Amino acid sequence: MQYFNLHTHKFTNDPNVLELVNQYPWEFDDSIPQYSIGIHPWYIDENRLENDLRSIEEKLQLPECIALGECGLDKRIDIPMDLQVQVFEQQIALAEKYKKPLVLHLVAAYQELIEIKNRLQISVPVILHGFSKNEQIAKQLVDNGCYLSFGKYLLRNPELKNVFLSVPNDKFFLETDTIEESLEEVYQLASIYKSCSVAEIQAITTANFYQVFKS
């Protein structure tokens, strides 16, 4: 593995990249070799919730499923927060049962995450994908044991440079999510910001991968 892509919606089958491909229980592709599966807060549907959770539990028992996600909380959508929290906590319970890391979509609900993490005493790794907030929020999350993944916003918002630099090397991942830019471009910019080679960034993310996904 030369590159690890923490979160993508597109499987490229690039032999140099280990891709954690986001899947949903209602549109699952069993040809993808490594994936996460979860209920995104945008797509909570109470009519199929029981079936979706059952499907997630089945997939979590397979070696190809290396994480649960993306799941989480989003305060900027119309789905009631109490329902979002309920579905999130049901997925956390499954991740804990099968010892799989959580990949999160989180919008304007950082304090809620920290409260839930501490109240439920979450023991599996928690990774926030697509991080785009300030150093204060980054520090709070890292101090509470979370990992942060950078991609689209790192490329498009120069102000994220200092946030990225503030995150310890053993606490970050890189990703593409839905962007057209390549994973290599994300790694290249990360290496420039960290004043090191791309190979060193690869070594860091590989070590983090084994720490989180192979522990």
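What you see is a predicted model, and the numbers here were worked out from it, not measured in a lab. Position 1 is the first residue of the sequence, and the numbers go up from there.
In this structure, CD1 on I192 lies 9.0 Å from NZ on K161, to the nearest 0.5 angstrom. With values rounded to the nearest 0.5 angstrom, E185 atom CD is found 10.5 Å from E180 atom CD. With values rounded to the nearest 0.5 angstrom, I92 atom CD1 is found 10.0 Å from K117 atom NZ. Between H9 atom NE2 and I179 atom CD1 the span is 11.5 Å, to the nearest 0.5 Å. To the nearest 0.5 Å, atoms CZ (F172) and CG (L128) are separated by 15.5 Å. Atom CG in L154 sits 11.0 Å away from atom OG in S132 (nearest 0.5 Å).
Here E200 pairs with nothing under the salt bridge (charged side-chain N to carboxylate O under 4.0 Å, His left out) rule; sequence neighbours left out. Among residues two or more places apart in sequence or in another chain, the ring pair (Phe, Tyr, Trp, His ring centres under 6.0 Å) test is passed with F28 by Y35. For E58, the salt bridge (charged side-chain N to carboxylate O under 4.0 Å, His left out) test picks out no residue, with sequence neighbours left out. Evaluation of the salt bridge (charged side-chain N to carboxylate O under 4.0 Å, His left out) rule for R156 yields E181 as partners, not counting sequence neighbours. By the salt bridge (charged side-chain N to carboxylate O under 4.0 Å, His left out) test, D14 pairs with no residue at all, sequence neighbours left out.
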_Check against side-chain contact (heavy atoms from CB on, under 4.5 Å), E70 and L104_ = CA-CA 5 Å; E70 59 187 302; L104 303 190; over 6 Å; no

*Could you go step by step and tell me if E50 and R54 meet the salt bridge (Lys or Arg N to Asp or Glu O under 4.0 Å) rule?*
CA-CA 6 Å; E50 189 176 333; R54 187 181 304 115; 3.1 Å; yes

*asked:* V103 vs L68, test: side-chain contact (heavy atoms from CB on, under 4.5 Å). Steps then yes/no.
replied: CA-CA 6 Å; V103 176; L68 194 158; over 6 Å; no

*CA sep, side-chain torsions, deciding dist, call: W26, D45, side-chain contact (heavy atoms from CB on, under 4.5 Å)*: CA-CA 11 Å; W26 53 89; D45 183 340; over 6 Å; no

*Step by step, work out the side-chain contact (heavy atoms from CB on, under 4.5 Å) result for I127 and L102.*
CA-CA 6 Å; I127 310 133; L102 286 156; over 6 Å; no

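For the residue pair V124 and A95, the shortest heavy atom distance occurs at CG1-O, 3.7 Å. Across all non-hydrogen atoms, the minimal contact from D170 to N208 is CA-OD1, 3.3 Å. Heavy-atom minimum distance, V167 versus A138: CG2-CB, 4.4 Å. Residues S36 and G69 come closest through the heavy atom pair OG-O, 3.2 Å. Residues S166 and V163 share a closest heavy-atom pair of OG-O, 2.6 Å. Across all their heavy atoms, P41 and C71 have their closest contact at CD-C, 4.1 Å.
Between F4 and F213, the distance from one ring center to the other falls under 6.0 angstrom. F131 and Y153 have their aromatic ring centers separated by at least 6.0 angstrom.
Formation of a donor-acceptor pair under 3.5 Å by the S149 side chain with backbone atoms of H129 is not found in this model. Of the possible polar contacts, one joining the T205 side chain to the I201 backbone as a donor-acceptor pair under 3.5 Å is found. A side-chain donor-acceptor contact under 3.5 Å links E19 to the backbone of T12. Distance alone, capped at 3.5 Å, places no donor-acceptor pair between the N144 side chain and the L113 backbone. The main-chain N or O of G130 is never found under 3.5 Å from a side-chain atom of D177 such that the two would form a donor-acceptor pair. In terms of modelled atom types and a separation under 3.5 Å, the side chain of K171 and the main chain of L148 share no donor-acceptor contact.
For the pair D74 and Q84, the minimum side-chain heavy-atom distance is below 4.5 Å. Side-chain atoms of L20 and I66, non-hydrogen and from C-beta on, do get closer than 4.5 Å to each other. Between I39 and F88 there is no side-chain heavy-atom pair separated by less than 4.5 Å. Inter-residue side-chain proximity for V212 and F173 is flagged as met; some heavy-atom pair is nearer than 4.5 Å. Side-chain contact check for V198 versus Y3: some heavy-atom pair is nearer than 4.5 Å. At a threshold of 4.5 Å between non-hydrogen side-chain atoms, the residues L6 and F209 do not count as touching. Side-chain atoms of W42 and I79, non-hydrogen and from C-beta on, never get closer than 4.5 Å to each other. Using a 4.5 Å cut-off on side-chain heavy atoms (C-beta onward), N22 and T8 make no contact.
Under the 4.5 Å side-chain heavy-atom criterion for ILVMFWY residues, no single connected hydrophobic cluster contains both V107 and L73.
Shown here is Q86, whose CD atom has more than 12 heavy atoms of other residues, nucleotides or ligands within 6.0 Å. More than 12 heavy atoms of other shown residues, nucleotides or ligands fall within 6.0 angstrom of atom CD in Q61.
Annotation: cation-pi pair K194/F164 present, NZ/CZ under 6.0 Å from the ring centroid and within 45° of its normal.
By the 30° and 60° cut-offs, the orientation of the rings of H40 relative to Y43 is tilted.
Pairs engaging residues 75-99 under the salt bridge (charged side-chain N to carboxylate O under 4.0 Å, His left out) rule: E57-K97, K75-E112, E89-R119 [sequence neighbours left out].
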